[in-house]
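Step one of this worksheet: look at the structure below.
Values reported hereafter were calculated over all heavy atoms of this structure, with side chains retained and with hydrogens, waters and symmetry mates removed.
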Amino acid sequence: MKTSKLPLKKTDKKIAELITKETRRQTETLDLIPSENIVSKAVLEALGSSLTNKYSEGYPGKRYYGGNQFVDEIETLAQNRARKVFHLGQNWHVNVQALSGSPANFAVYVGLLQPGEKLMGMSLPFGGHLTHGWKVSASGKFYTAVQYGVGRDGLINYDEVATLAHKEHPKLIIAGATAYPRVIDFKKFRRIADDVGAYFMVDMAHIAGLIAAGAHPSPFPYADIVTTTTHKTLRGPRGALIFVNRESEIAKKHGVDSASLLDKAIFPGLQGGPHDNQTAAIAVCLEEATKPAFKAYGKQIVRNAKTLAGELKQFGLELVSGGTENHLMLIDLTNLGISGKEGQNCLEDVGIIVNRNTIPYDTRSPFDPSGIRIGTPSITTRGMKECEMKLVAQLIYEALTISNPSATYNKVKTLCRKFPT
Ligand code: DSN
């Protein structure tokens with residue numbers, strides 16, 4: 001029996017209706033979750049294409065299935081475009097098959113470490129990612145994880161990172177974060193990794209789009225491995241990239257071909273067939289990221305974040321580390337007398353979507369921490385600039401402090417209408 005050619009709204013009203021509702025929710029609210037964005041129609045089209053029908057276990061030119069001539073071209077294009085976006089030579093091998101950021105990071109550990117060997121990353125409650133060695137993640141269960149945090153000032157203390165590295169001698173050091181509002185000094189991390197003979201990996205998931213736009217220093221001159229998701233500031237589909245420097249000194253010292261180890265860790269180590277529709281959508285977003293408009297976009301994200309941070313401070317809100325240098329900031333709600341969960345709910349009541357987040361040295365639980373995390377990638381995609389950031393700050397302040405949600409909700413709706421998704 002043939003599959004239906006009818007549109008979703010004819011074949012599955014319930015799902016079609018829920019998707020319509022979700023689209024409307026995205027249009028009618030302000031998305032300040034810094035890891036979310038709004039993809040182009042072209043990215044959506046690639047994601048919803050016939051490529052979803054294909055199996056392609058293996059890599060271009062080395063597949064376990066027939067019929068992969070076009071998939072091979074798509075995957076090779078995605079790899080080449082990834083190198084182009086980040087100005088890389090052929091010495092950087094690119095794997096585009098990891099299904100998302102967590103499997104990409106885990107593939108690095110599977111490829112380069114033996115179970116139980118030591119890795120060192122930023123601790124989750126201090127702004128790191130689950131997969132950088134946090135105890136409930138497989139990265140903390142199957143490997144020996146040591147964790148660094150930030151100082152009371154909210155900043156990474158590179159001397160403390162160095163001291164910990166010298167004491168623990170990890171085989172892999174990870175830089176990168178999900179809730180760190182400052183520029184990370186990759187050069188300092190490289191030096192520490194060299195001092196202790198560790199691989200140096202950067203997880204640039206949050207800031208990849210900023211790096212592509214030249215709005216944040218690049219990790220590539222320093223790292224042995226770089227991982228990223230493709231759906232945050234890079235504004236692509238959900239997915240991930242792994243970059244491996246074939247000429248890395250540390251890999252030479254270990255006598256390994258780290259690119260091949262990483263490829264093998266993804267397939268057959270952790271995954272089966274890649275999601276070819278996702279690979280095509282990644283290729284599309286990477287092409288978009290080479291355009292001058294994207295460079296302007298990345299720079300505007302940072303300008304917007306800095307303006308928003310400055311305005312929030314004018315309202316007396318307390319920001320971890322005192323501000324931001326990237327796309328996000330953390331508001332400590334302690335002095336407002338509300339928790340992160342309460343703050344998130346007050347904001348959602350007026351149509352502003354954020355996520356609650358721990359702040360460094362948080363005394364509350366991760367489920368109801370002291371802070372909220374906000375960022376500007378999505379509202380910048382909608383075309384908002386500095387003057388709208390002043391209004392957004394006022395709306396956040398109103399929602400958190402003044403109990404007239406319906407008036408604030410109407411202002412949010414008006415702003416959303418002016419800047420459609
Ligand atoms: N969950 C992502 C974030 O929101 O930052 C990280 O994977």
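Aromatic ring centres of Phe86 and Phe243 lie closer together than 6.0 Å. Between Tyr109 and Phe142, the ring center distance fails the sub-6.0 Å criterion. Remark: aromatic rings of Phe186 and Phe189 are distant, center separation not under 6.0 Å. You'll find the ring centres of Tyr148 and Tyr158 outside the 6.0 Å limit. The ring of Phe220 has its center no closer than 6.0 angstrom to the ring center of His87.
At a threshold of 4.0 Å, the pair Arg25-Glu22 counts as salt-bridged, since one of the basic side-chain nitrogens sits closer than that to a carboxylate oxygen. Glu249 and Lys252 are joined by a salt bridge, as a carboxylate oxygen and a charged side-chain nitrogen come within less than 4.0 angstrom of each other. A salt bridge links Lys411 with Glu398: the distance from a Lys NZ or Arg NE/NH1/NH2 to an Asp or Glu carboxylate oxygen falls below 4.0 Å.
Note that Arg235 lies outside the cation-pi zone of Phe294, set by a 6.0 Å cut-off to the ring centre and a 45° limit from the axis.
Taking every heavy atom of both residues into account, Ala177 and Gly127 meet most closely at CB-O, 3.3 Å. The two residues Ile173 and Ala193 come nearest to each other via the heavy atoms CD1-CA, 3.9 Å. Closest heavy-atom contact between Pro170 and Ala165: CD-O, 3.5 Å. Considering every non-hydrogen atom in both Arg356 and Pro369, the closest pair reads CD-CD, 3.7 Å. Scanning both residues, Ser102 and Thr131, for their nearest heavy atoms gives OG-CG2, 3.4 Å. The two atoms that bring Val412 and Leu30 nearest to each other are CG1-CG, 4.0 Å, heavy atoms only.
Side-chain atoms of Ser378 do not come within 3.5 Å of backbone N or O of Leu32 as any donor-acceptor pair. Looking only at distances, a side-chain donor or acceptor of Thr358 sits under 3.5 Å from a matching main-chain atom of Pro125. The closest donor-acceptor contact from the side chain of Ser137 to the backbone of Gly133 lies at 3.5 Å or more, if one exists at all. Without hydrogens or angle criteria, Thr324 side chain to Asn326 main chain gives a donor-acceptor distance under 3.5 Å. When atom types are taken as modelled, the side chain of Asp362 and the backbone of Ser370 share a donor-acceptor pair closer than 3.5 angstrom. Under the 3.5 Å distance criterion, the side-chain polar atoms of Arg364 are left unmatched by any main-chain donor or acceptor of Gly340. Judged by distance alone, with hydrogens and angles left aside, the side-chain atoms of Thr52 form no donor-acceptor pair with the main-chain N or O of Gly48 at under 3.5 Å. In this structure, the side chain of Arg81 does not engage the main chain of Leu286 through any donor-acceptor pair within 3.5 Å. For the pair Gln278 (side chain) and Leu47 (backbone), a donor-acceptor distance under 3.5 Å is absent. Looking only at distances, no side-chain donor or acceptor of Glu318 sits under 3.5 Å from a matching main-chain atom of Asn335.
Inter-residue side-chain proximity for Asn304 and Ile379 is flagged as unmet; no heavy-atom pair is nearer than 4.5 Å. Using a 4.5 Å cut-off on side-chain heavy atoms (C-beta onward), Leu333 and Leu400 make contact.
In Tyr64, the OH atom is not crowded: 12 or fewer heavy atoms of neighbouring residues, nucleotides or ligands sit closer than 6.0 Å. Environment of NZ in Lys264: sparse, with no more than 12 heavy atoms of neighbouring residues, nucleotides or ligands closer than 6.0 Å.
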(request) Check the pair Glu168 / Lys118 against salt bridge (Lys or Arg N to Asp or Glu O under 4.0 Å), numbers first and verdict last. (result) CA-CA 8 Å; Glu168 298 286 351; Lys118 203 175 274 182; 2.7 Å; yes

(request) Please report the C-alpha distance between Asp72 and Arg63 in whole Å, then the side-chain angles of each, then the deciding distance to 0.1 Å, and finally whether the salt bridge (Lys or Arg N to Asp or Glu O under 4.0 Å) criterion is met. (result) CA-CA 9 Å; Asp72 275 6; Arg63 305 282 185 188; 2.7 Å; yes

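Ring geometry, Tyr65 versus Tyr55: the interplanar angle falls under 30°, so the pair is classed parallel (tilted spans 30 to 60°).
Scanning for side chain to side chain contact (heavy atoms under 4.5 Å, CB included) contacts around Thr290 gives Lys84, Val85, Glu287, with sequence neighbours left out.
Residue pairs meeting the salt bridge (charged side-chain N to carboxylate O under 4.0 Å, His left out) criterion with at least one partner in residues 170-194, sequence neighbours excluded, are Glu117-Lys171, Arg182-Glu325, Asp185-Lys188, Arg190-Asp194, Arg190-Asp224.
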